[in-house]
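First listed ligand is number 1; within each ligand, the first listed atom is number 1.
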Amino acid sequence: MTDKFIPYGRQWIDDDDIQAVIDVLKSDYLTTGPKIKEFEESFADYVGAKYAVAIANGTAALHAACFAAGIKEGDEVITSPMTFAATANSVLYMEGKPIFADIDPQTYNISPEEIKKKITEMTAAVIPVHYTGQPCDLDEIYRIARENNLTVIEDAAHALGATYKGEKIGNCRYSDMTIFSFHPVKHITTGEGGMITTNSEEYYNKLIQFRTHGITKDTDIFIKTADGPWYHEQQFLGYNYRMTDIQAAFGISQLKKSDGFLERRREIAGIYNRELADIDWLKLPFQKDDRESSWHLYVVQVDEEQLGKSRKEVFEYLRDKGLGVQVHYIPVYWHSYYQKLGYCKGICPVAEGFYKRTITLPLYPRMSDSDVEYVIEVLKGL
Ligand SMILES: *Cc1c(COP(=O)(O)O)cnc(C)c1O
């Protein structure tokens with residue numbers, strides 16, 4: 001054992017982030033004040049979307065997007081098994097049915113061909129997940145979706161700052177809505193937090209209302225008859241999914257540093273790509289050349305036969321050496337809850353095979369060069 005501990009991901013907070021939070025604490029608004037609007041506008045501008053809606057967290061963002069898309073009981077929604085459970089759970093919140101389409105063996109992203117095979121008369125939407133930050137085959141997915149009248153919701157929790165054919169993920173050129181998360185391991189953080197971007201005014205209005213109980217005060221658009229200036233109306237069942245102004249101010253400050261964070265992530269990924277390339281039992285992540293990953297995660301695969309050790313042994317060895325390695329992800333439908341719902345193991349063999357070999361190495365902007373060198377040295381010592 002060693003005292004060293006390098007996690008797989010963590011936040012980077014400076015004095016200016018802290019000051020931004022303090023300023024809000026001294027102001028009149030703690031929640032849904034001017035900082036929310038400012039964060040939404042700067043975020044929409046950053047990714048190139050018309051609208052952005054700040055929300056409590058990435059899971060609430062997925063829930064809200066599924067609501068706005070009109071997912072209802074019996075609807076099937078196709079997504080990747082290689083994601084955090086929240087992606088599929090958001091479909092269940094709406095009483096829809098998540099359908100898992102297998103991943104591409106090169107990129108580990110959902111395969112457009114597999115999506116096609118899963119489409120039925122009940123399919124209402126598809127939620128591609130930009131796994132590790134490498135954008136999915138959006139062009140192909142969007143074409144399939146339009147041919148089949150499906151809504152596309154991008155899960156970009158890993159992909160803030162990633163680009164596809166030269167444009168930022170989140171601009172919704174190939175989708176109806178895109179969601180982001182600001183959990184501390186993601187690219188920027190607000191403690192907990194999330195965002196939905198869209199170019200549709202209709203979705204925007206629904207999302208805003210969903211975030212606050214389904215209540216609106218907007219007499220211009222929504223309310224036909226108002227008793228007086230106090231009047232507001234709950235028009236459907238929403239939630240309290242509001243983000244605070246405290247978080248929004250934190251987010252504005254973090255977003256300004258996003259490009260710098262991204263550059264450092266790419267630099268570290270570049271060092272791994274170069275320095276780990278000659279380890280014969282290690283398979284490194286493959287990148288398509290018309291897109292740029294935001295490198296949320298650096299995932300490698302262990303060739304157990306070549307090394308003569310199991311993935312579990314390698315994982316335990318790395319943990320003993322102080323590396324906070326992780327596994328992303330257990331295929332969603334392997335969880336006992338999904339098994340109880342009736343999902344069978346074996347439905348996505350590529351994802352299952354990938355899961356059995358994968359390990360996530362530490363990667364975050366504040367990692368020092370010597371931390372990166374240490375990770376490489378430990379792997380080479382195996
Ligand atoms: C983190 C994450 C989420 C959920 O975001 P929270 O802010 O933690 O609720 C959803 N999807 C993916 C792929 C994620 O990594």
Side-chain angles (χ1 to χ4, degrees), residues 7-11 39 43 52-67 69 77-94 98 100-101 103 107-110 125-136 138 141 152-162 169-170 175 177-197 207 210-211 239-244 247-248 250-251 254-255 265 293-299 326-333 335 338 348 351 354-355 358 360 363-364:
Y8 82 86
R10 68 161 296 167
Q11 70 276 15
F39 187 28
F43 195 92
V53 177
I55 198 156
N57 53 63
T59 306
L62 282 161
H63 187 185
C66 284
F67 172 83
V77 177
I78 300 172
T79 191
S80 174
M82 198 39 64
T83 184
F84 183 53
T87 315
N89 289 350
S90 67
V91 178
L92 295 176
Y93 294 156
M94 301 308 303
F100 298 99
I103 59 171
T107 62
Y108 321 135
N109 271 329
I110 195 167
V126 48
I127 311 181
V129 180
H130 304 305
Y131 175 74
T132 71
Q134 172 162 226
C136 293
L138 284 175
I141 293 170
V152 182
I153 300 165
E154 292 172 71
D155 181 338
H158 298 185
L160 181 61
I169 291 298
S175 66
M177 286 168 275
T178 304
I179 75 93
F180 295 88
S181 162
F182 308 129
H183 179 276
V185 298
K186 308 286 162 73
H187 294 81
I188 64 168
T189 190
T190 58
E192 297 280 358
M195 193 75 81
I196 309 127
T197 59
L207 294 166
F210 186 76
R211 178 176 72 181
Y239 290 75
N240 178 356
Y241 274 165
R242 294 187 298 267
M243 178 186 271
T244 64
Q247 293 165 305
F250 189 5
Q254 286 266 302
L255 188 62
R265 283 183 180 275
S293 178
S294 53
W295 293 103
H296 167 54
L297 301 173
Y298 194 92
V299 297
Q326 258 304 350
V327 167
H328 296 96
Y329 291 96
I330 298 163
V332 173
Y333 58 82
H335 287 291
Y338 279 83
C348 296
F354 168 75
Y355 161 66
T358 192
T360 303
L363 171 59
Y364 51 94

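- Ligand 1 places these atoms under 4.0 Å from at least one heavy atom of T87: 11 (N).
- Close N/O approach between K186 and ligand 1 is found [any backbone or side-chain N/O within under 3.5 Å].
- The Y329 neighbourhood of ligand 1 comprises atoms 15 (O), with distances under 4.0 Å to a heavy atom of that residue.
- The residue F180 has no part lying near ligand 1, judged by heavy-atom distances below 4.0 Å.
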Could you walk me through whether F182 and M195 pass side-chain contact (heavy atoms from CB on, under 4.5 Å), step by step? CA-CA 8 Å; F182 308 129; M195 193 75 81; 3.7 Å; yes
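- Of all protein heavy atoms, the one closest to atom 10 (C) of ligand 1 is D155 OD2, 3.7 Å.
- Nearest heavy-atom pair, G161 versus S294, reported as atom, atom and distance to 0.1 Å: C-CB, 4.3 Å.
- Taking only non-hydrogen atoms, the option from H158, H183, H63, H130 nearest to atom 15 (O) of ligand 1 is H158.
- Contacts with ligand 1 closer than 4.0 Å are made by heavy atoms of both the backbone and the side chain of N57.
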Given the rule in the ring-ring contact (aromatic ring centres under 6.0 Å, His included) test, do Y241 and H63 qualify, once you have shown the distances and angles that lead to the verdict? CA-CA 10 Å; Y241 274 165; H63 187 185; 5.6 Å; yes
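- Atom 9 (O) of ligand 1 has as its closest protein heavy atom T59 OG1, 2.5 Å.
- Between G58 and ligand 1, at least one N/O pair is under 3.5 Å apart.
- Note on ring orientation: taking the six-membered ring where Trp is involved, the planes of Y338 and F100 are perpendicular (angle over 60°, cut-offs 30° and 60°).
- One finds the OG1 atom of T360 at 5.0 Å from the CG atom of L297 (value rounded to the nearest 0.5 Å).
- Formation of a donor-acceptor pair under 3.5 Å by the N57 side chain with backbone atoms of G194 is not found in this model.
- Between T83 and ligand 1, no N or O atom pair is found at a separation short of 3.5 Å.
- Between E192 and ligand 1, a contact under 3.5 Å exists for no N or O pair.
- Looking at H158, its side chain never comes within 3.5 Å of a backbone N or O of H296 through a donor-acceptor pair.
- Proximity of a side-chain donor or acceptor of T358 to a complementary backbone N or O of Y355 within less than 3.5 Å is not detected.
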